[in-house]
Protein chains: 2
Amino acid sequence: MIDKLEMFIALAREEHFGRAAAAQGVTQPTLSAAIKQLEDQLGVMLVWRGSRYQGLTPEGQRALDWARRIVGDARSLRQEMRAAREGLSGDIRLAVIPTALTVVADLTEGFTDKHPNVRFSVQSKTSIEILEMLENLEIDAGLTYLDNEPLGRVTTVPIYAERYVLVARSGHPLLAGPVAWGDLGDVPLCLLTPDMQNRRIINQHMAEAGVAVEPQIESTSVVVLVSHVLRSNWATILPVRAAEIFLAGDDLGSVPLVKPDASHTVGLVAPHREPFTPVLTALLDRARTLSDIPAAIPTGR
Amino acid sequence: MIDKLEMFIALAREEHFGRAAAAQGVTQPTLSAAIKQLEDQLGVMLVWRGSRYQGLTPEGQRALDWARRIVGDARSLRQEMRAAREGLSGDIRLAVIPTALTVVADLTEGFTDKHPNVRFSVQSKTSIEILEMLENLEIDAGLTYLDNEPLGRVTTVPIYAERYVLVARSGHPLLAGPVAWGDLGDVPLCLLTPDMQNRRIINQHMAEAGVAVEPQIESTSVVVLVSHVLRSNWATILPVRAAEIFLAGDDLGSVPLVKPDASHTVGLVAPHREPFTPVLTALLDRARTLSDIPAAIPTGR
DNA sequence: GCCCCTAAATAGATGTTTCCTATCAAACCG
DNA sequence: CGGTTTGATAGGAAACATCTATTTAGGGGC
């Protein structure tokens with residue numbers, strides 16, 4: 001039964017019998033049969049049938065919610081029993097927005113010493129993808145914005161308030177002192193792509209300051225942005241925590257972006273499933289110890 | 001997997017392999033094997049083993065919590081799909097304290113007209129048993145006190161405030177006017193047994209009024225109490241809602257018990273499992289429409 | 001309009017799992 | 001110390017799951 005629910009979840013996620021089967025490590029006929037059996041046992045159609053996958057029926061949608069719960073709880077049971085057997089162990093699968101990637105090290109610091117059998121798997125995703133993956137049980141927790149766009153039913157632990165700096169090559173004229181959002185009108189910028197919430201936040205602040213956003217370079221990767229900034233007179237806008245790591249040398253400089261002093265909370269999100277498994281509890285605890293780290297605003301150099 | 005969790009729950013409830021097997025409709029070796037497989041899959045011992053059942057290990061206890069959730073959610077899934085298929089249908093299993101038995105009719109009234117395929121199964125239990133059965137998934141909802149003793153993690157819908165009357169044969173001298181708890185010192189009483197919360201409430205009020213509680217007849221059944229009262233000069237103390245049904249004829253009379261005007265809330269309790277199944281939602285809604293019924297206090301006749 | 005390609009369903013074979021009956025071993029009780 | 005209760009074990013039949021191979025059904029391209 002639980003196996004079949006897993007397959008059903010995979011099907012809803014992949015929207016394709018063959019891919020869902022592959023994801024579950026079974027063949028396509030096996031998955032087809034499992035879905036059919038599930039439908040027989042529940043006495044309702046779950047999937048619109050044609051010669052190809054055509055989405056879930058309304059009942060299928062409701063069943064999917066229950067399936068996620070049941071499968072999630074079953075995994076929690078197994079995980080907790082393993083923790084009881086051999087201490088904290090296993091994988092923690094994290095998905096993180098690009099601008100918070102450096103914060104993962106704060107989370108894992110000390111954690112891996114205390115729990116050597118816990119492994120982390122970290123992937124960079126958009127905030128929307130993070131919430132989807134959380135729903136689909138593809139990750140155990142995410143690191144993303146908490147206060148900007150709706151989250152759904154999750155547990156959150158705020159970790160820090162994101163503040164923004166303009167980053168440019170050393171000697172860039174704007175690095176002389178604080179820059180207002182409104183001053184960015186004709187600065188050539190490299191920014192994240194608009195599917196990133198960080199970019200939408202920047203768009204919003206610039207729109208409020210009355211300037212147009214027309215970046216010359218867009219990327220899903222902060223590294224791409226920074227390497228462009230290093231080569232030319234482009235500038236980029238980054239959260240302090242994301243910029244710090246690139247500011248160690250003398251090549252780059254940063255100044256705070258003011259008017260307004262924008263701030264958005266970033267933190268850990270986890271499925272709201274009481275009680276939490278021991279590993280997740282430990283991770284949330286670790287996040288809580290971090291949650292007082294002040295987001296220092298460095299000045300330009 | 002879910003079947004095995006069901007067997008595990010049954011074992012924890014029955015505390016006996018043979019009985020648990022019978023309760024699940026399987027043979028004892030099957031249940032033994034299921035528990036062993038569960039232990040193998042989870043990699044921990046769940047049950048203390050000797051030549052007989054010796055309780056759950058700590059891991060078993062934690063696993064039991066998860067098992068209840070998973071099995072409960074799986075049942076909810078099945079129930080909701082059946083509701084989607086053929087409208088509201090199925091059994092609602094209720095357990096009710098003896099003094100609230102008459103209120104069940106208020107709950108079912110109108111409900112069975114609207115949902116002809118819903119069947120009710122009602123059993124009379126103590127408030128403690130009701131909570132246990134709720135935990136063990138043996139009932140879908142209970143009707144019991146909400147405000148007196150701790151309930152645990154459940155959803156509650158208050159329905160009415162219980163108020164108490166003294167019930168005696170017509171012509172009994174005490175029926176002349178309101179009776180204070182303190183006046184009951186040497187009245188011969190028939191009361192519920194002390195495992196009933198109603199009796200503990202009565203004990204408490206009488207103790208506070210400084211009189212001893214020494215009933216001559218104790219029973220778990222209100223009918224037994226009333227039939228004794230009908231035959232002799234005994235009196236009994238009942239909530240208004242429980243007494244009403246016996247007061248239609250001229251044989252019995254009742255007077256309010258005052259000083260203090262004791263009042264305890266009675267209502268529906270259901271497992272807290274979001275989202276609720278359609279049947280349970282309907283039942284809770286029905287209870288909410290009842291929750292304004294004033295508990296009228298009749299005077300003696 | 002026809003053909004081809006992709007996607008899902010079906011058929012049949014094979015291996016695994018489940019669950020029964022029968023029996024055994026250990027502990028408890030008188 | 002024998003009888004009884006309780007759970008574990010063994011062995012076999014039935015049910016189930018999963019695979020490979022094949023068929024059926026749409027959809028798109030030409």
Side-chain angles (χ1 to χ4, degrees), chain A residues 1-61 63-64 67 70-71 74-75 77-78, chain B residues 1-61 63-64 67 70-71 74-75 77-78:
Chain A
M1 178 87 182
I2 288 185
D3 299 328
K4 288 170 194 155
L5 292 177
E6 295 233 29
M7 294 193 209
F8 178 55
I9 293 172
L11 176 60
R13 169 163 41 85
E14 304 288 343
E15 306 189 314
H16 186 287
F17 279 73
R19 281 198 300 275
Q24 291 294 297
V26 297
T27 59
Q28 169 264 315
T30 300
L31 188 128
S32 281
I35 301 299
K36 181 188 288 285
Q37 284 168 12
L38 207 52
E39 288 182 326
D40 286 350
Q41 284 178 29
L42 297 177
V44 292
M45 273 219 160
L46 298 173
V47 176
W48 291 121
R49 295 301 176 63
S51 80
R52 56 193 57 216
Y53 179 87
Q54 293 181 307
L56 299 181
T57 63
E59 294 80 28
Q61 195 56 55
L64 179 60
I70 294 168
V71 169
R75 287 191 194 166
L77 166 61
R78 283 190 274 261
Chain B
M1 178 88 182
I2 288 185
D3 300 327
K4 287 170 194 154
L5 293 177
E6 294 232 29
M7 295 194 207
F8 178 55
I9 293 172
L11 177 61
R13 168 163 39 86
E14 304 288 344
E15 303 190 316
H16 186 286
F17 279 74
R19 280 199 300 277
Q24 291 294 297
V26 297
T27 59
Q28 170 265 314
T30 300
L31 188 128
S32 281
I35 301 298
K36 181 188 286 286
Q37 285 169 11
L38 207 53
E39 288 182 325
D40 286 349
Q41 284 178 27
L42 297 177
V44 293
M45 275 220 160
L46 298 172
V47 177
W48 292 122
R49 293 300 175 64
S51 80
R52 57 191 58 217
Y53 179 86
Q54 294 179 308
L56 299 181
T57 62
E59 295 80 27
Q61 195 57 55
L64 179 59
I70 294 168
V71 168
R75 289 189 192 168
L77 166 60
R78 283 189 274 262

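In what follows, chains carry the letters A, B, and so on, assigned in the order in which the sequence lines appear, proteins first and then strands, with residues in each chain numbered from 1. All values reported here derive from a predicted model rather than from experimental measurement.
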Taken to the nearest whole Å, NZ/B:Lys4 to P/C:dT17 is 9 Å
[X] side-chain N/O to [N] phosphate OP1/OP2 under 4.0 Å:
{"X": "B:Thr27", "N": "C:dC19", "value": "no"}
{"X": "A:Lys36", "N": "C:dA8", "value": "no"}
{"X": "A:Arg49", "N": "C:dA8", "value": "no"}
{"X": "A:Ser32", "N": "C:dA8", "value": "no"}
{"X": "B:Gln37", "N": "C:dT18", "value": "yes"}
{"X": "A:Thr30", "N": "D:dA17", "value": "no"}
{"X": "B:His16", "N": "D:dT5", "value": "no"}

Does NZ in B:Lys4 sit with more than 12 non-hydrogen atoms of other residues, nucleotides or ligands closer than 6.0 Å? yes
- Task: Output yes when a side-chain donor or acceptor of B:Thr57 lies under 3.5 Å from a complementary backbone atom of B:Trp48, and no otherwise.
- Result: no
* **B:Val47 backbone acceptor or donor facing B:Glu39 side chain under 3.5 Å** => yes
Exercise. Would you state whether a donor and an acceptor, one from the side chain of A:Gln28 and one from the base of C:dA9, lie under 3.5 Å apart?
Key: yes
CG (B:Leu64) and CG (B:Leu56) are apart, to the nearest 0.5 Å, by 6.0 Å
Exercise for the section: Have a look at A:Gln54 and say if it touches a base, only the backbone sugar-phosphate, or nothing, with a 4.0 Å heavy-atom cut-off. Expected result: nothing
inquiry  = Just to be sure I understand the rule, does A:Gln24 reach a base, reach only the sugar-phosphate, or reach nothing, if contact means heavy atoms closer than 4.0 Å?
reply    = nothing
